[in-house]
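In what follows, a structure is listed as structure tokens, so that the remarks can point back to it.
Since the structure is predicted, the reported quantities are computational estimates derived from the model, not experimental observations. When a ligand or atom number is given, it counts from 1 through the structure's own listing order.
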Amino acid sequence: MNQDRQLYLDYAATTPLDNRVLTEMLPYFTDEFGNPSSVHSWGQRAEAIVESAREKITLLLNAVDYQVVFTSGGTESDNLAIKGAARSIADQTGKRHLLVSPVEHPAVSRSAEQLMKESFKLEWLPVDSFGFVDPAEVARRIRKDTALVSVVFGQNEIGTINPVEDISQVCHEREVFFHTDAVQAAAHLPIKLDKSRITSMALGAHKFYGPKGIGALIYHKSWKIGKLQNGGGQEFRMRAGTHNVPGIVGLAKAFEITCQEMGQSSNHESQLRDHLIGSVLEQISGSRLTGHPAKRLANHASFVFDKLSGNTLLMILDAEGFACSSGSACRSGNPQPSDVLLAIGIDPESALGSLRVTIGRETKREDINAFISFLPKAIDSARRLAA
Ligand SMILES: *Cc1c(COP(=O)(O)O)cnc(C)c1O
């Protein structure tokens with residue numbers, strides 16, 4: 001066991017807070033603690049900082065015709081978009097058909113499933129073996145009663161980047177609401193909403209070196225999204241609850257830094273990613289890449305290995321100081337193969353042997369080399385334990 005090594009390779013699960021973001025947030029925990037809804041000057045100053053954060057995000061996304069609604073994170077943004085939009089569209093038009101990709105984050109897929117209990121009809125879009133949704137397939141499946149379409153932008157388990165601009169165009173032409181979960185993609189791809197035709201998009205700050213527990217839903221102002229929680233009139237009556245002012249400041253600052261430094265960090269991360277993917281596939285028999293080899297998140301490598309348990313592999317790696325993931329959130333008890341891996345045609349047994357390695361801005365080539373040199377031993381041990 002290597003007791004000294006602590007190498008974090010799970011940046012798709014969460015990232016550390018950038019120090020520049022922390023510095024920007026700190027005053028809003030202490031001196032500037034006002035509630036933006038208060039009438040007095042503390043409240044006014046807090047309101048001004050929330051509005052300037054909203055403005056910053058709007059400008060970074062070229063989102064002039066869009067509303068930025070602050071939420072508690074990616075999960076809430078997805079819930080708000082799927083349930084809020086579907087219910088409001090159904091109320092106005094009677095449309096109750098939902099077209100959702102089978103490679104969505106559970107925040108989207110479980111929300112869509114919940115709507116089936118309210119007599120919505122849920123249809124899963126087909127995906128190919130890389131996890132791509134074909135825009136032509138979306139066009140073919142949109143019906144007169146289709147209320148919304150949802151396709152994840154950058155997939156969190158397999159890294160594939162979907163052709164979201166083409167899918168959103170298809171939906172726009174048919175006047176169908178199109179939601180995309182960009183919680184992973186926003187960290188790696190420049191997104192400009194003015195040209196995109198995306199109707200709504202989910203962000204979460206902790207996936208791009210911002211704080212946990214804060215996110216945003218950005219949606220086109222020509223659509224109505226119903227609120228999910230009752231209370232005060234914050235966020236244009238869309239999201240009741242006192243604003244998380246330090247979080248909102250942190251989200252905007254983290255997103256600004258991410259956009260400014262994206263070229264540099266994506267370049268660095270994708271070089272390490274390709275080095276890692278190449279070495280793993282070459283050195284380890286019975287290994288397969290999951291997701292597309294090129295059209296994938298810059299920091300994201302994901303595999304399945306024959307004849308082992310992914311959970312065992314994670315524990316062996318962790319004991320050597322390497323923090324990785326199996327890709328899906330399920331951690332304990334009776335392991336179930338990931339829905340995403342099954343959807344792209346991986347057999348259930350292989351799907352239990354998954355590994356996700358995600359790289360960060362600070363990850364070094366030596367780190368990846370240390371990982372590559374230990375991985376074959378870890379795989380051998382995991383296979384012996386499974387045999
Ligand atoms: C992490 C993640 C979420 C959930 O975001 P939280 O801010 O953690 O709630 C949703 N979708 C994707 C693709 C993610 O990676």
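- The ligand atoms of ligand 1 that sit less than 4.0 angstrom from a heavy atom of H206 are 6 (P), 7 (O), 8 (O).
- Close contacts between ligand 1 and G74 involve ligand atoms 5 (O), 6 (P), 7 (O), 9 (O) [criterion: under 4.0 Å to a heavy atom].
- Taking the six-membered ring where tryptophan is involved, the planes of F130 and H292 are perpendicular, since the angle between them exceeds 60° and thus also 30°.
- Taking any N or O of E76, backbone or side chain, none lies under 3.5 Å from an N or O belonging to ligand 1.
- Distance CG/L193 to OG/S200: 10.0 Å, rounded to 0.5 Å.
- Residue-ligand proximity, T75 to ligand 1, at heavy-atom distances under 4.0 Å covers atoms 4 (C), 5 (O), 6 (P), 9 (O).
- Hydrophobic side-chain contacts under 4.5 Å tie Y11 into a cluster, directly or through other members, with Y8, Y209.
- Partners of H268 by side-chain contact (heavy atoms from CB on, under 4.5 Å), not counting sequence neighbours, listed by chain and number: L272.
- Short contacts between ligand 1 and G73, defined as distances under 4.0 Å to a heavy atom of the residue, involve ligand atoms 7 (O).
- With a 4.0 Å cut-off on non-hydrogen atoms, K207 touches ligand 1 through its side chain and not its backbone.
- Relative orientation of the F33 and W42 rings is tilted, given thresholds of 30° and 60° on the angle between their planes.
- Contacts between K212 and ligand 1 below 4.0 angstrom, taking non-hydrogen atoms only, are absent altogether.
- Between F70 and H243, the ring center distance fails the sub-6.0 Å criterion.
- Looking only at protein heavy atoms, the nearest one to atom 3 (C) of ligand 1 is H105 NE2, 3.4 Å.
- Judged purely by atom type and a 3.5 angstrom limit, S326 has no side-chain atom pairing as donor or acceptor with the backbone of G310.
- Taking every non-hydrogen atom of D181 and a distance limit under 4.0 Å, the qualifying atoms of ligand 1 come out as 10 (C), 11 (N), 12 (C), 13 (C).
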